[in-house]
Amino acid sequence: MDMRKYLIQCALLGVSCLATIGARNVATAANAAQAILAESGVQGGLVVHLGCGDGKLTVALRAHDGYLVHGLDRNPDAVAEAREHVRSLGLYGPVSIEQLDGDRLPYTDSLVNLLVVDAPEAVSADEIVRVLAPQGVAMTRDGDGWRKAVKPRPENIGRWTHYLHGPDNNAVTDDEVFGEPYHFQWLAEPKWARSHEHLANISALVSCGRRIYYVVDEGPTALVALDPDWQLVARDAFSGVVLWK
C-alpha cells in the first residue's frame, strides 16, 4: 500500500476513534446526570458542579431551561477545556464555568439548590451546608456512586400562600428567620416598573414549597400606554431561577 494513503487512513481512523470515545463520554455523562437529578429530587434552580473536570457532566445537569448550572474547578486546564465544551454546544450562559480560588464557594448563604460534589476535598462540609438552600441537596461522589445529603428546612421559615398572607387576610408573616437586609439574594427582570401611576408590575405574589409564584406585567417600560404583557411566573425562592413562565 502507498505509504501516503496508509498514513491518511491511520489519521482518519484515529479521528473516528476519538469521535466515538467522545460520544461515549457524553452519553455516560448524560446517564450520570439523569441518575443524579432523579436521586436528588431537585426539579430546577441553581445547580453547582464542584470539580467539573471536562464539563461534560456539568452540561448534562442542565436537563431543561429551569436549571442554571455553574461548574467550578481548581485546575485552570480543566476550566479551559470545560468552557470550550460548553461553548461548542452554544450553551454558555445557562451553563458557565469558573476557576475555584480559596476555600470559600462564590455564593451567598442558602442559594444553591443542588450541589454535585466531584471533589469532596475542595471545600469543607460547613461550606457546603452554608451555600445550600433549605431542602437543598448535596450529591457527593462516593466511589462509583453518589451519597445524598439534604439540608433541613427550619420550622420557623414562613409561607405566604394567599394574597394577604393567609386565609385570614392578616397580612403579617409568621417568619422568624428574616431580619434586616444586608445583601441581595438574587436580582431579576424587570429592572424598572412601567409606571407608578398605573397598576403595579407585580400585582400578586404567593410563596410555597420553596417557590414563589407571581403575576407580572413585562410590557415595554418606555410608555405605559403600550399594551401590557402579563405573565404568570414561577421562580425558585432561594436562587431566583425561573422554573417556568
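Quick caveat, the model's predicted, so the values are computed rather than measured.
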A.B. asks: Test of understanding: clusters of I, L, V, M, F, W, Y form through side-chain heavy atoms closer than 4.5 Å, transitively. Do V117 and V79 belong to the same one?
C.D. replies: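 No; V79 is not reachable from V117 via cluster members.
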
A.B. asks: Per the side chain to side chain donor-acceptor pair (under 3.5 Å) rule, what does the pair list look like for residues 212-236, sequence neighbours excluded?
C.D. replies: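 Every side chain to side chain donor-acceptor pair (under 3.5 Å) pair that includes a residue of residues 212-236, provided the two are not neighbours, is N113-D236, R194-D217, Y214-R235, E218-K245, D229-Q231, D236-S239.
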
A.B. asks: Among residues at least two apart in sequence or on other chains, which ones pass salt bridge (charged side-chain N to carboxylate O under 4.0 Å, His left out) with D65?
C.D. replies: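 Residues passing salt bridge (charged side-chain N to carboxylate O under 4.0 Å, His left out) with D65: R62.
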
A.B. asks: Output side-chain donor-acceptor pairs under 3.5 Å for residues 141-148, partner residues at least two apart or in another chain, one line each.
C.D. replies:
unit_1: R141; atom_1: NE; unit_2: D118; atom_2: OD1; d: 2.3
unit_1: R141; atom_1: NH2; unit_2: D118; atom_2: OD1; d: 3.1
unit_1: K148; atom_1: NZ; unit_2: E39; atom_2: O; d: 2.9

A.B. asks: Would you list the pairs meeting salt bridge (Lys or Arg N to Asp or Glu O under 4.0 Å) in which at least one residue belongs to residues 149-177, sequence neighbours left out?
C.D. replies: none

A.B. asks: If a pair satisfies side chain to side chain donor-acceptor pair (under 3.5 Å) and one of its residues is in residues 125-139, list it, with sequence neighbours excluded.
C.D. replies: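 Residue pairs passing side chain to side chain donor-acceptor pair (under 3.5 Å), neighbours aside: D109-R130, E127-R130.
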
A.B. asks: In chain order, what residues pass the side chain to side chain contact (heavy atoms under 4.5 Å, CB included) check against L68, with sequence neighbours excluded?
C.D. replies: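 Counting only residues at least two positions away or on another chain, L68 forms a side chain to side chain contact (heavy atoms under 4.5 Å, CB included) with L46, V241.
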
A.B. asks: Using the side chain to side chain donor-acceptor pair (under 3.5 Å) rule, collect all pairs that involve residues 93-106, keeping only residues at least two apart or in two chains.
C.D. replies: H70-E98

A.B. asks: Supply the members, apart from L187, of the Ile/Leu/Val/Met/Phe/Trp/Tyr cluster built from side-chain contacts under 4.5 Å; use none for a lone residue.
C.D. replies: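 Once heavy-atom contacts under 4.5 Å are chained together, L187 belongs with F184.
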
A.B. asks: Could I get the full list of ring-ring contact (aromatic ring centres under 6.0 Å, His included) partners for H183, not counting sequence neighbours?
C.D. replies: none

A.B. asks: Would you compute the distance between atom CD of E189 and atom CG of N201 and round it to the nearest 0.5 angstrom?
C.D. replies: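 Between atom CD of E189 and atom CG of N201 there are 11.0 Å.
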
A.B. asks: Hydrophobic side-chain clustering at under 4.5 Å (ILVMFWY, transitive links): who's grouped with L223? Put none if nobody.
C.D. replies: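 Members besides L223, by chain and number: L226.
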
A.B. asks: Quick one: hydrophobic cluster around L164, which other residues, with the 4.5 Å side-chain cut-off, linked directly or via members?
C.D. replies: Y163

A.B. asks: Under the rule for ring-ring contact (aromatic ring centres under 6.0 Å, His included), what residues qualify as partners of W160, not counting sequence neighbours?
C.D. replies: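 H165.
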
